[in-house]
Amino acid sequence: MALQLYNSLAREKQIFEPINPDDIRVYACGPTVYNYAHIGNARMAVVFDLLVRVLRHLYPQVTYVSNITDVDDKIMAAARDSGEPINAITEKYTRIYNEDMAALGVSAPDIQPHATTHIGEMIDLIEKLVERDHAYAADGHVLFNVPSYPAYGGLSGRSRDEQIAGARVEVASYKKDAADFVLWKPSSEDEPGWESPWGRGRPGWHIECSAMAEKHLGLPFDIHGGGADLKFPHHENEIAQSCCAHGELHDQGGFARYWVHNGFVTVDGEKMSKSLGNFKLAHDLIEDFPGEALRLTLLSAHYRQPLDWSEDKIQQNKKTLDRLYKTVKDLADVADAPDATLGDEFLQALCDDLNTPKALSVLSALAKKAQETRAPQDKAALLQAGALLGVLQSDPDEWLGYAKGGASGDHSDIDALVAARHQAKQDKDWAKADALRDELSALNVVVEDTPEGPKWRFNA
RNA sequence: GGCGCGGUGGCAGAGUGGCUAUGCAGCGGAUUGCAAAUCCGUGUACACCGGUUCGACUCCGGUCCGUGCCUCCA
């Protein structure tokens, strides 16, 4: 089945044609690790996790690289503010990021390169750019000369003149052109730095992704992604650096063929951002809600659309999962069908530029069908569809609260109340039975009468 | 100002030139001592104004509103 992706570079949906169908190569810009990731950051991780899952379903091998930016002025500022060493901060937040994303069902990338371990590759790349007259050293800095790359601006769709007209920042005096950007900058003694042909310094932001993508994937590779706000300047600059370093002055696809950008998470219609203070940390949310409910919420809108975040929406998606898990529980005695294949309609939805809302509607239809037919292949189709989305993989008893937390909890009191109510029912003492139900409700316990006798669970 | 995206039923959210999206919530019914679950039924939705068309929510033009990027940003 043909995968279609909206390619930001072409500004249209295109059929994905791999460079080498035997190894699909994907790069997504990862976090700068100086504090907790918010749910907007998590959206990118979940979206690209899904894209990689779909690619793995379609192709025999996928190499997914997503970096950790562990050298950055914001990290230095965080270190100053907290008094902690820089590497303590970056290690801490890298670990937390990976844990939090795992809680959202995000599989680890195949390779998670750190910027600080690729300084040599960055210096090599900068040297190439200097040799080819695309970059120049000035005042301890090395800058990329934007006018040397005529195709500049192709991704974000703005000419160089437009950028200058809109420039909000003061232009440093050492720049030849207002649009030029930093590849390397000097570090003072108390700042992290590496020896280079231009003295002790550290890389600018954009060069790391060019260097790491090239090292781990080779050029050109298939798909490069990230949040929509990275289109300009970050991705624009990556393209400029990588294409110019290799003499690809005209083909913007000389770096990556397809550019995929996810939309923002908003709050009350406004972009979630650290400066507005309207952000929700993934780390906090996973304390309060199941990761799967958060993941489903992130997938409930198409990835390129804005997603307005609210607790109500999480609850709604949790209820959807509750219903689906009830279906799975219902089908517990239906045999597995290991050789069953994923339904076409479901895969088609995801192959249409990751149309997750459509896919979710198919998922509901699959659940309904499986419930009706109780056929092994229908059950398998439901579970496989869930697996591709990264949901519905927990134990339904666990999810629904029937699993009572193993040996840790003593529930003899609840068992006694349930038994007493059952006895009252046998005696047709409805008043007493209802009173006991109320007591149990107060303990957050739901009792369900089934043909096999009463069952109870904690109200999740 | 430049470039872009969007306005769909109570809410969320796809999609299509003519045929039920779907989910959550609600309503009616079946079932149930009660409840839960399940099943059946149930909504004359596509910002506004023009145009094209046999027919537009879907295409074109305009208007209004919201929102994003324009070198911190997923």
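In the text below, chain A, chain B and the rest are named by the order of the sequence lines, each starting its count at 1.
Heavy-atom distances under 4.0 Å link RNA chain B to no residue of residues 97-116 of chain A. Scanning residues 277-304 of chain A for heavy-atom distances under 4.0 Å to RNA chain B yields A:S300, A:A301, A:H302. The stretch residues 426-436 of chain A comes close to RNA chain B through A:W430, A:D434, each having a heavy atom under 4.0 Å from the strand.
If you measure from atom CH2 of A:W309 to atom P of B:A74, you get 17 Å, rounded to the nearest angstrom. When rounded to the nearest whole Å, the span between CG of A:D449 and P of B:G33 equals 9 Å. A:N67 has its CG atom 12 Å from the C1' atom of B:A74, to the nearest Å. Counting to the nearest Å, the C1' atom of B:A74 and the CZ atom of A:F264 are 7 Å from each other. Taking atom CG of A:L360 as the reference point, atom C1' of B:G15 lies 15 Å away to the nearest angstrom. Atom-to-atom, CH2 of A:W456 to P of B:A37 comes out at 18 Å; the value is rounded to the nearest Å. For the pair A:D72 CG and B:C73 P, the interatomic distance rounds to 8 Å; values are reported in whole Å. Atom NZ in A:K369 sits about 20 Å away from atom P in B:U38, given to the nearest Å.
The side chain of A:N355 contributes an N or O atom lying less than 4.0 Å from OP1 or OP2 of B:G15. Phosphate contact (OP1/OP2 of B:G4, side-chain N/O of A:K231, threshold under 4.0 Å): absent. For B:C69, the OP1/OP2 oxygens have a side-chain nitrogen or oxygen of A:K271 closer than 4.0 Å.
For A:T32, the side chain to side chain donor-acceptor pair (under 3.5 Å) criterion is met by no residue, not counting sequence neighbours. Residues meeting the side chain to side chain contact (heavy atoms under 4.5 Å, CB included) test with A:V334, sequence neighbours left out: A:L331, A:R374, A:P376, A:K379. Under the salt bridge (Lys or Arg N to Asp or Glu O under 4.0 Å) criterion, A:D415 pairs with no residue at all, not counting sequence neighbours. With sequence neighbours left out, A:E311 forms a side chain to side chain contact (heavy atoms under 4.5 Å, CB included) with A:F289, A:Q315.
Distance noted for atom P between B:C60 and B:U42: 35 Å (whole Å). Across B:A21 and B:G28, the matching P atoms stand 24 Å from one another, rounded to whole Å. The same atom, P, is picked in B:A12 and in B:C46; the two are 16 Å apart, to the nearest Å. Between the C1' atoms of B:A45 and B:G7, the separation comes to 13 Å (whole Å). Here the separation of B:G55 from B:C19, taken at their P atoms, is 15 Å to the nearest Å. As rounded to the nearest Å, B:A56 and B:A14 have P atoms that lie 26 Å from one another. Look at the C1' atom in both B:G68 and B:C27: the space between them is 40 Å, to the nearest Å. Taking atom C1' in both B:C40 and B:U58, the straight-line distance is 33 Å, to the nearest Å.
At the heavy-atom level, A:V362 lies nowhere under 4.0 Å from the strands shown. Using a 4.0 Å heavy-atom distance criterion, A:D330 is classed as making no nucleic acid contact. Here A:G40 lies in heavy-atom contact (under 4.0 Å) with a base.
Nearest to the side chain of A:Q305, among B:A35, B:G33, B:A14, sits B:A14. Listed candidates were B:A74, B:C34, B:G68. Nearest to the side chain of A:M272 is B:A74. Side-chain proximity of A:N262 to the nucleotides B:A74, B:G33, B:A35 is greatest for B:A74. Among B:G68, B:A74, B:G33, the nucleotide with an atom closest to any side-chain atom of A:E270 is B:G68.
The backbone N or O of A:R257 sits nowhere less than 3.5 Å from a side-chain atom of A:D222 that would complete a donor-acceptor pair. The backbone N or O of A:V260 lies less than 3.5 Å from no partner atom in the side chain of A:Y303, so there is not a single donor-acceptor pair. The backbone N or O of A:A151 lies less than 3.5 Å from a partner atom in the side chain of A:Q252, making a donor-acceptor pair. Remark: side-chain polar atoms of A:H141 are not paired, donor with acceptor, to backbone N or O of A:L143 under 3.5 angstrom. Within the 3.5 Å criterion, the main-chain N or O of A:P192 finds a donor-acceptor partner in the side chain of A:S187.
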Check residues 354-362 of chain A and write down every donor-acceptor pair under 3.5 Å in which the side-chain atom is one partner and the other belongs to a residue at least two apart or another chain.
unit_1	atom_1	unit_2	atom_2	d
A:N355	OD1	A:K358	N	3.1
A:T356	OG1	A:L299	O	2.6
A:T356	OG1	A:A301	O	3.4
A:S361	OG	A:K358	O	2.8

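When base pairs are accepted only as Watson-Crick or G-U wobble with both N-N or N-O distances under 3.5 Å, RNA chain B takes part in stems of 3 or more pairs at B:1-7 with B:64-70, B:10-12 with B:22-24, B:26-30 with B:38-42, B:47-51 with B:59-63.
A side-chain hydrogen bond (donor to acceptor under 3.5 Å, both in side chains) check over residues 287-301 of chain A, counting only residues at least two apart or in different chains, returns the pairs A:D49-A:R295, A:E292-A:Y325, A:E292-A:S394, A:T297-A:N317.
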Quick tally for nucleotides 24-32 of chain B: nucleotides whose base has a protein heavy atom under 4.0 Å get B, sugar-phosphate-only ones S, the rest -, giving SS-------
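Interface remark: the A:R43 side chain does not form any donor-acceptor pair with the B:A74 base, using a distance-only criterion of under 3.5 Å.
Between A:F221 and A:F255, the gap from one ring centroid to the other is short of 6.0 Å.
Counting heavy atoms from C-beta outward, A:M44 and A:C29 have side chains that stay 4.5 Å or more apart. When side chains are defined from C-beta on, A:Q112 does not count as touching A:Y64, because their heavy atoms never get closer than 4.5 Å.
Relative orientation of the A:H224 and A:W259 rings is parallel, given thresholds of 30° and 60° on the angle between their planes. Classified by interplanar angle (parallel below 30°, tilted 30° to 60°, perpendicular above 60°), the ring pair A:H206/A:H234 is tilted. Relative ring orientation between A:W198 and A:W184 is described as tilted, the plane-to-plane angle lying within the 30° to 60° band.
With rounding to the nearest 0.5 angstrom, the OG1 atom of A:T69 is 10.0 Å from the NE2 atom of A:H114. Taking CD of A:E238 as the start and CD of A:E214 as the end, the distance is 12.0 Å to the nearest 0.5 Å. Rounded to the nearest 0.5 Å, atoms CG (A:L281) and CG (A:N35) are 7.5 Å apart. To the nearest 0.5 Å, atoms NE2 (A:H261) and CG (A:N7) are separated by 9.5 Å.
Checking A:G263 against A:V447, the closest nucleotide of RNA chain B that is more toward the 5' end is the one next to A:V447.
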Identify each atom pair where a protein N or O and an N or O of nucleotides 18-21 of chain B are less than 3.5 Å apart, giving names and distance.
none

